[in-house]
Amino acid sequence: MASTSQCIASLARLSIATATRRPTPSIIPKLLLPSVVTPSFVRHASGSGSGGMRKRAPKKKKTYKAFRSYDQSDLEQYSLCDAMRYLRAFEVGQPPHIIKYEVHVKLKAQKNGPVVRNRIRFPFAVKSDTRIGVICPEDSPMMEEARQLGAVAVGEESLFESIRAGNFPFNKLICHTDSKEALKKANVGKLLGPKGLMPSERHGTITSNLKATIGEMIGSDEYRERDGVVRMAIGQLGFSPQMLADNLKAVMETIKRDMDGIIEDGHPKSLDEVVLSTTHGPAFSLNGKFNPTDEKIQPQDLQSAM
């Protein structure tokens, strides 16, 4: 039989062992559990509330009802002769009959407003590669007349077939009034429209007077406002300053007249800036003056072709 001291020692060892032994965890920490065994109430709790990550709605781009217009108070601008002088320096060695002066007329206009579009006959012809096509009845007197006037493509169904095949030997197209209905039935507007070749009565390209219309087209060109800007060639590099000034004046008068004719309520248009450039040269903003700023240079010094 154990003595009293032995019993006390046994009880002491038992209490020490019980105190140092770690308790067995009844619940495994959530971070150690795989997602497939995470209790449903834990998943719902972690995804709710303001602590979760939320995607921000993308910011809407700022839209403008009118085309942008910039402050030109500090913009360096040039007279016509000064701009020609610098542009000619950029085109040294280029054939003067190939290089063109181009004007960019920027307008203050609404994006959803009407556009200006017209055909203009220059005092001095700019393009020498005008090729005219005429839609007219086959084997008719108009067909022979169009050929004598210099048309490069004439006819009705034969011309429509050429257009459908993607063959455009012309860069101007007019239609005789006798072929107006045939043009509508041919359904070629989707091919001619993007190229600016679709005849219309508004622009005078559906006509009964082929001689007058073809004569007007030679030495003239069409323009159309795109994104608030009218761009078109107004002269060859060999033009004198006065020749270029006359063509530029004709363009500006026509655009102003067109703007006055189509202005509607809520869609005002006005001139913002006129820029002159060449085929390979930079662009120069014009100040509306003609003479060069350097008194040693005269307009006649830019007279000769390069």
Is there a side-chain contact between [X] and [Y], using heavy atoms and a 4.5 Å cut-off?
X: Val229; Y: Val275; value: no
X: Phe160; Y: Asn187; value: no
X: Met259; Y: Leu271; value: yes
X: Gln242; Y: Pro299; value: no
X: Asp272; Y: Tyr70; value: no

Given 3.5 Å as the limit, does a donor-acceptor pair link the side chain of [X] with the main chain of [Y], or not?
X: Arg147; Y: Val154; answer: no
X: Asp246; Y: Phe124; answer: no
X: Gln298; Y: Glu295; answer: yes
X: Ser79; Y: Asn291; answer: yes
X: Glu91; Y: His280; answer: yes
X: Arg231; Y: Glu102; answer: no
X: Ser162; Y: Asn167; answer: yes
X: Arg131; Y: Pro169; answer: yes
X: Lys180; Y: Glu201; answer: no
X: Asn247; Y: Ile234; answer: yes

Going by atom types only, do [X] and [Y] share a side-chain donor-acceptor pair under 3.5 Å?
X: Glu138; Y: Ser158; value: yes
X: Thr207; Y: Asn209; value: no
X: Asn118; Y: Thr254; value: no
X: His176; Y: Ser179; value: no

Roughly how far, to the nearest 0.5 Å, is [atom2] of [Y] from [atom1] of [X]?
X: Phe90; Y: Phe284; atom1: CZ; atom2: CZ; result: 5.5 Å
X: Ile135; Y: Ile163; atom1: CD1; atom2: CD1; result: 5.5 Å
X: Asp178; Y: Leu183; atom1: CG; atom2: CG; result: 13.0 Å

Same apolar cluster (I L V M F W Y, side chains within < 4.5 Å links), Leu197/Met232: no
Carboxylate-amine/guanidinium proximity below 4.0 Å for Glu222 and Lys172: no
NZ/NE/NH1/NH2 to OD/OE distance under 4.0 Å, Glu157 and Arg164: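 A salt bridge links Glu157 with Arg164.
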